2 protein chains.
Amino acid sequence: MSRNNNQDLRDKLLQSARELLVSKGYRGFSLRQVARETGVSATSVYIYFENKDHLIHTLIEQSISELNERLEKVYGSLTDPEERLKGFAEAYVNYALEHPREYQIIYLASPEDMTRYPKEKFRKARRGYEFLTDTIKEAVRQDIFDEPYPRTAAYTFWAQLHGVMSVVLSKRLDTRIDQQEFIEQAISHILHGFQMRTALQQKPNI
Amino acid sequence: MSRNNNQDLRDKLLQSARELLVSKGYRGFSLRQVARETGVSATSVYIYFENKDHLIHTLIEQSISELNERLEKVYGSLTDPEERLKGFAEAYVNYALEHPREYQIIYLASPEDMTRYPKEKFRKARRGYEFLTDTIKEAVRQDIFDEPYPRTAAYTFWAQLHGVMSVVLSKRLDTRIDQQEFIEQAISHILHGFQMRTALQQKPNI
DNA sequence: AACAGTGGTTAACAGTGTTAACTAACAAAT
DNA sequence: ATTTGTTAGTTAACACTGTTAACCACTGTT
């Protein structure tokens with residue numbers, strides 16, 4: 001157990017870091033604690049990560065990848081655009097509910113940090129958006145949606161979903177509101193917002 | 001300038017804290033720095049605030065109040081439910097754009113902190129939701145919307161808006177997407193999601 | 001056998017939140 | 001008028017933190 005320590009320790013550090021971040025949350029997260037947990041000196045972390053931010057950033061990338069894999073699975077298992085869209089929403093919500101802390105990690109990085117990292121690193125993260133953009137484009141092609149800018153629409157979709165889960169996970173929901181109910185209704189609203197708008201835009205009949 | 005220092009210094013601390021948080025962001029924010037800036041010893045802060053979290057929390061409350069005031073203004077100046085809803089959205093977005101750091105402060109508090117504070121403190125924060133809930137109820141009364149749970153719908157509305165602004169402010173938007181365009185389209189989608197749904201909602205089950 | 005590189009160490013610096021112990025100023029009580 | 005208690009502030013200290021510099025023990029190469 002000492003040959004290719006190279007990648008070995010790096011992975012162990014990442015795992016300890018993730019566990020700590022998930023169990024103690026962001027506040028109780030420290031490099032030294034990670035090192036302690038891994039049974040290694042604090043400065044060793046700096047051999048594999050430029051600094052604390054970079055370690056966390058790596059964690060974020062991992063989580064984004066896992067989320068994207070789920071989305072890809074949905075994309076591959078469904079063909080109807082509307083079904084896919086709903087599938088995306090559910091996969092997204094489920095990931096957030098199953099891994100709340102990790103989900104929050106993804107959205108943790110503040111803008112000032114982001115700029116310090118190479119922006120290309122987020123290209124991989126955008127894969128999820130591509131699935132979504134494709135789906136919307138397909139829906140437009142099939143005359144199901146009427147979106148002039150599918151990419152913008154894709155970001156709108158994610159943003160709304162993120163808002164919903166953000167509110168849920170940060171426990172800002174009114175206690176009188178049932179969480180499950182809230183999520184379902186929100187998804188329903190979001191999906192509905194994408195349905196043909198031209199016909200309804202004015203005063204609806206009935 | 002030394003009589004009722006009581007409230008005086010407290011306010012000065014809050015002001016310094018806000019300036020620091022806005023200029024340096026959350027990372028570069030420290031109690032000691034706040035004290036230094038105010039020209040007072042670090043421990044003085046503990047006379048007026050239980051700890052760092054409580055200080056920040058007070059800042060949050062202030063920002064929420066300011067935001068709520070804007071919403072109240074909208075509520076008072078418009079009567080048509082749909083107009084009001086749109087007005088709320090715009091006021092919300094404008095506040096976020098004009099005071100990005102302060103907006104982010106509002107949504108900074110992580111769930112683990114929240115529980116440490118008396119939940120009632122957020123009652124005042126809920127005023128905004130009440131304006132919105134009222135508006136939706138009124139829309140339902142006028143047969144414009146068809147929302148079985150106006151309160152839930154209100155939270156859905158906020159959540160979606162928050163998601164949109166969160167994405168914008170954390171600079172996660174694809175560089176190819178115009179920010180202004182994105183916001184407008186998102187608002188349009190969100191509002192549309194509230195328009196009459198009965199005719200379209202074929203599959204109500206998740 | 002000497003060399004450089006790698007992966008790790010310990011020691012130290014500057015900074016943090018927070019607590020404990022103290023002091024100066026002032027109001028009230030005797 | 002002196003004692004008392006309270007209040008608003010102080011300094012000193014503790015246990016942390018992220019990060020850097022200097023060092024050390026190995027490895028494989030020449």
Side-chain angles (χ1 to χ4, degrees), chain A residues 1-60 105 108-110 112-117, chain B residues 1-60 105 108-110 112-117:
Chain A
M1 54 181 174
S2 59
R3 186 59 51 82
N4 57 341
N5 274 4
N6 196 324
Q7 198 69 313
D8 229 32
L9 179 52
R10 194 187 129 100
D11 288 348
K12 275 207 275 186
L13 285 170
L14 279 173
Q15 194 183 330
S16 299
R18 164 153 273 118
E19 281 166 17
L20 221 101
L21 207 40
V22 167
S23 68
K24 307 276 180 195
Y26 183 63
R27 314 194 69 100
F29 176 85
S30 86
L31 277 193
R32 292 175 114 108
Q33 186 77 19
V34 170
R36 224 173 287 137
E37 209 77 19
T38 319
V40 86
S41 95
T43 50
S44 293
V45 181
Y46 287 86
I47 297 170
Y48 300 101
F49 303 95
E50 206 173 319
N51 52 35
K52 189 187 184 183
D53 284 344
H54 273 69
L55 169 56
I56 293 185
H57 191 70
T58 309
L59 251 32
I60 294 181
I105 293 170
L108 195 66
S110 35
E112 50 257 45
D113 310 335
M114 309 291 270
T115 56
R116 298 216 322 238
Y117 302 119
Chain B
M1 54 181 176
S2 61
R3 187 57 52 81
N4 57 340
N5 274 4
N6 197 323
Q7 199 69 315
D8 229 32
L9 179 52
R10 194 186 130 100
D11 287 349
K12 275 206 274 184
L13 285 170
L14 280 173
Q15 193 184 331
S16 300
R18 165 154 272 119
E19 281 167 16
L20 222 100
L21 207 41
V22 166
S23 68
K24 307 275 181 197
Y26 183 63
R27 313 194 71 102
F29 176 85
S30 87
L31 277 193
R32 294 176 113 108
Q33 186 76 22
V34 170
R36 223 172 289 136
E37 209 77 21
T38 320
V40 86
S41 96
T43 49
S44 292
V45 181
Y46 288 85
I47 297 170
Y48 299 101
F49 304 95
E50 207 173 319
N51 53 33
K52 190 187 184 183
D53 284 344
H54 273 70
L55 169 57
I56 293 184
H57 191 68
T58 309
L59 250 32
I60 295 181
I105 294 170
L108 196 65
S110 36
E112 51 258 44
D113 309 334
M114 309 290 271
T115 56
R116 300 216 321 238
Y117 303 119

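In what follows, chains carry the letters A, B, and so on, assigned in the order in which the sequence lines appear, proteins first and then strands, with residues in each chain numbered from 1. Bear in mind that the values here come from a model prediction, so they are computed numbers and not experimental data.
Put simply, the side chain of A:Thr43 and the base of D:dT19 share no donor and acceptor less than 3.5 Å apart.
Out of C:dT9, D:dG9, C:dT19, the shortest distance to the side chain of B:Tyr46 is found at C:dT19. Taking the side chain of A:Leu31 as heavy atoms from C-beta on, and the options C:dT9, C:dG8, D:dT19, the nearest nucleotide is D:dT19. In the set C:dT16, D:dT19, D:dG9, D:dT19 carries the atom at the smallest distance from any side-chain atom of A:Asn51.
Within the 4.5 Å cutoff, side-chain heavy atoms of A:Lys52 are placed close to those of A:Phe29. No side-chain heavy atom of B:Leu14 sits under 4.5 Å from any side-chain heavy atom of B:Tyr48.
At whole-Å resolution of the value, CZ in A:Arg10 and P in C:dT6 are 17 Å apart. For the pair A:Phe49 CZ and D:dG18 P, the computed distance is 14 Å after rounding to whole Å. The interatomic distance linking B:Lys52 (NZ) with C:dT16 (C1') rounds to 8 Å, in whole Å. Between B:Ile56 atom CD1 and C:dT16 atom P there is a gap of 14 Å when expressed in whole angstrom units. Between the CD1 atom of B:Ile47 and the C1' atom of C:dA24 there is a distance of 13 Å, given to the nearest Å. Between the P atom of D:dG18 and the CG atom of A:Leu55 lies a distance of 10 Å, rounded to the nearest Å. In this structure, B:Lys24 places its NZ atom 15 Å from C1' of C:dG15, rounding to the nearest Å. Taking atom NE2 of B:His54 as the reference point, atom P of C:dT18 lies 11 Å away to the nearest angstrom.
Between the side chains of A:Gln15 and A:Arg18, no donor N or O sits under 3.5 Å from an acceptor N or O.
Taking side-chain N and O atoms only, B:Arg27 has no distance below 4.0 Å to OP1 or OP2 of D:dT17. Residue A:Ser44 places none of its side-chain N or O atoms closer than 4.0 Å to OP1 or OP2 of C:dG8.
Residues A:Arg32 and A:Ser41 each lie close to DNA chain C; by heavy-atom proximity, the contact nearer the 5' end of the strand is made by A:Ser41.
For the pair A:Ser44 (side chain) and A:Val40 (backbone), a donor-acceptor distance under 3.5 Å is absent.
The shortest non-hydrogen separation linking B:Tyr26 to A:Arg27 is OH-NH2, 3.6 Å.
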